Asks: 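For reference, the structure I am asking about is given below.
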Amino acid sequence: MSEFIKTAHAVGLSVRLTCIIGEGNEQADDIKKTTNFLREHESYIERVVVNRFAYIPGTPAFYFQKAPEKAYKNIKLGELDLESGLLKHSNSRYMELKHRIAVFGLLRVANTINRKPLIEKATEFEGAF
């Protein structure tokens, strides 16, 4: 990934990444690793989107979480949101201080990257992630 990002930047491409946080087995240290990766590559990346992990009926993650012997104990699935097609869920790790600190650190780095001006030839694609 590192080599790809550096090469894409070197040839003049607008490098944009999406990070997904909140997967059932994710630990605060995993988020910190993502944050460190973004920091190390900040000069090569133009935009970062941070999304929350979603449970969608019929997907492997959904079936995994529905299997009592496999399910992550920190995840509780709720009702289906008919507008989005996503299952509401809660993750007890979101309440842990170390998790919140890690998430805020990730968001801080993403916001720093997102405030940078785009390369001129990429401005027409701004907003098209």
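Small disclaimer: the values here were computed from a predicted structure and weren't measured. Below, all heavy atoms of this structure are taken into account, side chains as well, without hydrogens, waters or symmetry copies.
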Asks: Taking side chain to side chain contact (heavy atoms under 4.5 Å, CB included) as the definition, give me every residue that meets it alongside S43, ordered by chain and number, with sequence neighbours left out.
Replies: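 Per chain and number, S43 pairs via side chain to side chain contact (heavy atoms under 4.5 Å, CB included) with no residue.
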Asks: Is there a continuous path of hydrophobic side-chain contacts, each under 4.5 Å between heavy atoms, that joins I21 to M1?
Replies: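 Result: yes, single cluster for both.
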Asks: Write out all pairs satisfying ring pair (Phe, Tyr, Trp, His ring centres under 6.0 Å) with one or both partners inside residues 19-41, taking only residues at least two apart or from two chains.
Replies: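 Pairs touching residues 19-41 that pass the test: F37-H41.
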Asks: Please go through Y63's hydrophobic cluster and name the other residues, only I, L, V, M, F, W, Y counting, with side-chain heavy atoms under 4.5 Å joining them.
Replies: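 Under the 4.5 Å side-chain rule, Y63 groups with I20, F53, Y55, F62, F64, Y72, I75, L77, L80, L82, L87.
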Asks: Can you list the residues that meet the side chain to side chain contact (heavy atoms under 4.5 Å, CB included) rule with K98, with sequence neighbours excluded?
Replies: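 Counting only residues at least two positions away or on another chain, K98 forms a side chain to side chain contact (heavy atoms under 4.5 Å, CB included) with A28, E96.
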Asks: Which pairs, with at least one residue in residues 24-37 and sequence neighbours excluded, count as a side-chain hydrogen bond (donor to acceptor under 3.5 Å, both in side chains)?
Replies: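 Those involving residues 24-37 are N36-R39.
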Asks: Please determine whether the number of non-hydrogen atoms from other residues, nucleotides or ligands lying under 6.0 Å from atom NZ of K116 exceeds 12.
Replies: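 Buried by this count: over 12 neighbours within 6.0 Å.
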Asks: Is it the case that over 12 heavy atoms from other parts of the model lie below 6.0 angstrom from the CZ atom of R52?
Replies: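 Atom CZ in R52 is crowded, with more than 12 foreign heavy atoms closer than 6.0 Å.
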Asks: Are the side chain of R93 and the backbone N or O of G24 linked by a donor-acceptor pair below 3.5 Å?
Replies: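 Yes; judged by distance alone, with no hydrogens or angles, the pair exists.
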Asks: Check the surroundings of atom NZ in K73: do more than 12 heavy atoms from other residues, nucleotides or ligands lie under 6.0 Å from it?
Replies: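 Result for NZ/K73: enclosed.
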Asks: Taking atom NE2 of H89 and atom CG of N74, what is their separation to the nearest 0.5 Å?
Replies: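 Here the rounded value is 9.5 Å.
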Asks: Taking CD in E69 as the centre, count heavy atoms belonging to other residues, nucleotides or ligands within less than 6.0 Å. Is the count above 12?
Replies: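 Result for CD/E69: enclosed.
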Asks: Ignoring hydrogens, what is the shortest heavy-atom contact between N114 and R47? Give both atom names and the distance.
Replies: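 That closest heavy-atom pairing would be OD1-CA, 3.2 Å.
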Asks: Closest approach of E46 and L118, non-hydrogen atoms and distance?
Replies: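 Where E46 meets L118 most closely, the heavy atoms are OE1-CA, 2.8 Å.
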Asks: For the atom pair NE2 (H9) and NZ (K6), what is the distance rounded to the nearest 0.5 Å?
Replies: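 The NE2 atom of H9 sits 11.5 Å away from the NZ atom of K6.
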Asks: Using the side chain to side chain contact (heavy atoms under 4.5 Å, CB included) criterion, which residues pair with A10? Sequence neighbours excluded.
Replies: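 In terms of side chain to side chain contact (heavy atoms under 4.5 Å, CB included), with neighbours along the sequence ignored, A10 is linked to no residue.
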Asks: Considering non-hydrogen atoms only, spot the tightest contact between K66 and P68 and give its length.
Replies: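 Taking K66 first and P68 second, the nearest heavy atoms are O-CD, 3.2 Å.
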Asks: Should side-chain heavy atoms under 4.5 Å link Ile, Leu, Val, Met, Phe, Trp and Tyr, which residues sit in the same cluster as L13?
Replies: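 Answer for L13: V11.
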Asks: So, using side chain to side chain contact (heavy atoms under 4.5 Å, CB included) as the criterion, who are the partners of T112 when residues are at least two apart?
Replies: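 For T112, the residues satisfying side chain to side chain contact (heavy atoms under 4.5 Å, CB included) (neighbours in sequence not counted) are E42, R115.
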Asks: Does the side chain of I113 reach to within under 4.5 Å of the side chain of L17, using non-hydrogen atoms?
Replies: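 I113 does not reach L17 side chain to side chain.
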Asks: Compile the donor-acceptor pairs under 3.5 Å between side chains in residues 99-107 and protein atoms, sequence neighbours left out, one pair per line.
Replies:
unit_1 : atom_1 : unit_2 : atom_2 : d
R100   : NE     : Y94    : O      : 2.9

Asks: Distance check, rounded to the nearest 0.5 Å: I5 atom CD1 versus I45 atom CD1?
Replies: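 The CD1 atom of I45 is 4.5 Å from CD1 of I5, to the nearest 0.5 Å.
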